[in-house]
Amino acid sequence: MEFNQSKLIKYHKATRILLGALALFINTLLLDRFVLPTKETPDRIFSYISFSNSTNTYTGTNKYYKGYKFLTDKGFEFSTENAAISNPRITITHTFLFKNVIGVYSDDNDYSQHLVSSVNGFMLYLYAMLGISSLISFCFLQFSKKLTVNGFYNAILINAMIIFWILWLTWKT
């Protein structure tokens, strides 16, 4: 079944525009993370929240910490997994355009490998998947001569699924 452009032309054009904007934004975010220079800023933690789980067993209740969310004086916000920062004086490495925290250092420790917020951890892989899939989908919709309805829907739904994962994980952390 061929894609009937006269029937769904408004959806096709809007989808191309949205996928192009999405590909541009996400790939700029990844470019900012990996290519553009970073900046180090000395800062101080003024507040944090700990996330914990507790399990009930025959011997009692066990409580273990899953992660921490930190707020700093200069307005940075980041989360770590299983790593509490004891020294409030830290140095933050952040990206140039979007100011995403990609490194946290204190005088005695490096907490960068424990970061899970913004473009770090598993979210980095989701952003990379979204950048690649949105770019491929945009090129497919833009340059394909024999586009099927199924191909059109696949281009929309794969990106929508990854966006859903990103939004859900952003809401959860």
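Quick caveat: nothing in here was measured; it's all calculated off a predicted structure. Numbers for residues simply follow the sequence, beginning at 1.
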Point to revise | Heavy atoms of other groups near Lys39 NZ, more than 12 under 6.0 Å | key: no
Practice item. Kindly write out the residues that satisfy side-chain hydrogen bond (donor to acceptor under 3.5 Å, both in side chains) with Thr80, not counting sequence neighbours, or none if the list is empty. Key: none
Check your understanding: Is the closest side-chain heavy-atom distance between Asn82 and His114 below 4.5 Å?
Key -> no
**Study point:** Heavy-atom donor-acceptor pair, Ser134 side chain to Gly131 backbone, under 3.5 Å
**Key:** yes
Review point. Tell me the salt bridge (Lys or Arg N to Asp or Glu O under 4.0 Å) pairs involving residues 99-109, sequence neighbours left out?
Key: none
Check your understanding: Measuring from Phe152:CZ to Phe140:CZ, what's the distance to the nearest 0.5 Å?
Key -> 11.0 Å
Check your understanding: To the nearest 0.5 Å, what is the distance between CZ (Phe51) and OG (Ser79)?
Key -> 6.0 Å
Revision key, fill the gap. All heavy atoms of Leu115 vs all of Gly103, minimum pair found to be CD1-N, 3.7 Å
Point to revise | Atom CZ of Phe98: over 12 foreign heavy atoms under 6.0 Å | key: yes
**Study point:** Close side-chain approach of Ile166 and Met123, heavy atoms under 4.5 Å
**Key:** yes
Practice item. Under the salt bridge (Lys or Arg N to Asp or Glu O under 4.0 Å) rule, collect the residues that match up with Arg44, sequence neighbours excluded. Key: Asp73
Practice item. Can you tell me which residue pairs pass the salt bridge (Lys or Arg N to Asp or Glu O under 4.0 Å) test with a partner in residues 113-141, sequence neighbours excluded? Key: none
Review point. Same cluster or not: are Phe25 and Ile162 linked, directly or through other Ile, Leu, Val, Met, Phe, Trp or Tyr residues, by side-chain heavy atoms under 4.5 angstrom apart?
Key: yes
Exercise for review: For Tyr111, look at atom OH and say whether over 12 heavy atoms of other residues, nucleotides or ligands are found less than 6.0 Å away.
Suggested key: yes
Check your understanding: Between atom CD1 of Ile45 and atom CZ of Phe76, what is the distance when rounded to the nearest 0.5 Å?
Key -> 12.5 Å
Review point. How many angstroms lie between atom CZ of Phe70 and atom CD1 of Ile92, to the nearest 0.5 angstrom?
Key: 10.5 Å
Practice item. Calculate, to the nearest 0.5 Å, the distance between atoms CG and CZ belonging to Asn100 and Arg33 respectively. Key: 8.5 Å
Check your understanding: side-chain hydrogen bond (donor to acceptor under 3.5 Å, both in side chains) with Glu77: which residues, sequence neighbours excluded?
Key -> Lys69
Practice item. Would you name the heavy atoms of Tyr68 and Ala83 that are closest together and state the gap between them? Key: CD1-O, 3.5 Å
**Study point:** Hydrophobic cluster membership, Leu97 vs Leu130, 4.5 Å side-chain cutoff
**Key:** yes
Practice item. Could you please spell out the steps behind the side-chain contact (heavy atoms from CB on, under 4.5 Å) verdict for Leu24 and Phe138? Key: CA-CA 10 Å; Leu24 181 68; Phe138 174 74; over 6 Å; no
Revision key, fill the gap. Taken to the nearest 0.5 Å, the spacing of Leu126 CG from Ile163 CD1 works out to 11.5 Å
Check your understanding: Is there a path from Ile158 to Phe122 through hydrophobic residues (I, L, V, M, F, W, Y) whose side chains come within less than 4.5 Å of each other?
Key -> yes
Exercise for review: Determine whether Trp165 and Tyr127 fall in the same hydrophobic cluster, where Ile, Leu, Val, Met, Phe, Trp and Tyr are linked whenever their side-chain heavy atoms lie under 4.5 Å apart.
Suggested key: yes
Practice item. Could you tell me whether a side-chain N or O of Asp43 sits under 3.5 Å from a main-chain N or O of Thr72, the two making a donor and an acceptor? Key: no
Check your understanding: Looking at residues at least two apart in the chain, or sitting in another chain, which of them share a side-chain hydrogen bond (donor to acceptor under 3.5 Å, both in side chains) with Gln142?
Key -> Arg16
Point to revise | Main-chain N/O of Val104 paired with Ser112 side-chain donor or acceptor, under 3.5 Å | key: yes
Review point. Do Leu71 and Tyr105 belong together in a cluster built from hydrophobic side chains that touch within less than 4.5 Å?
Key: no
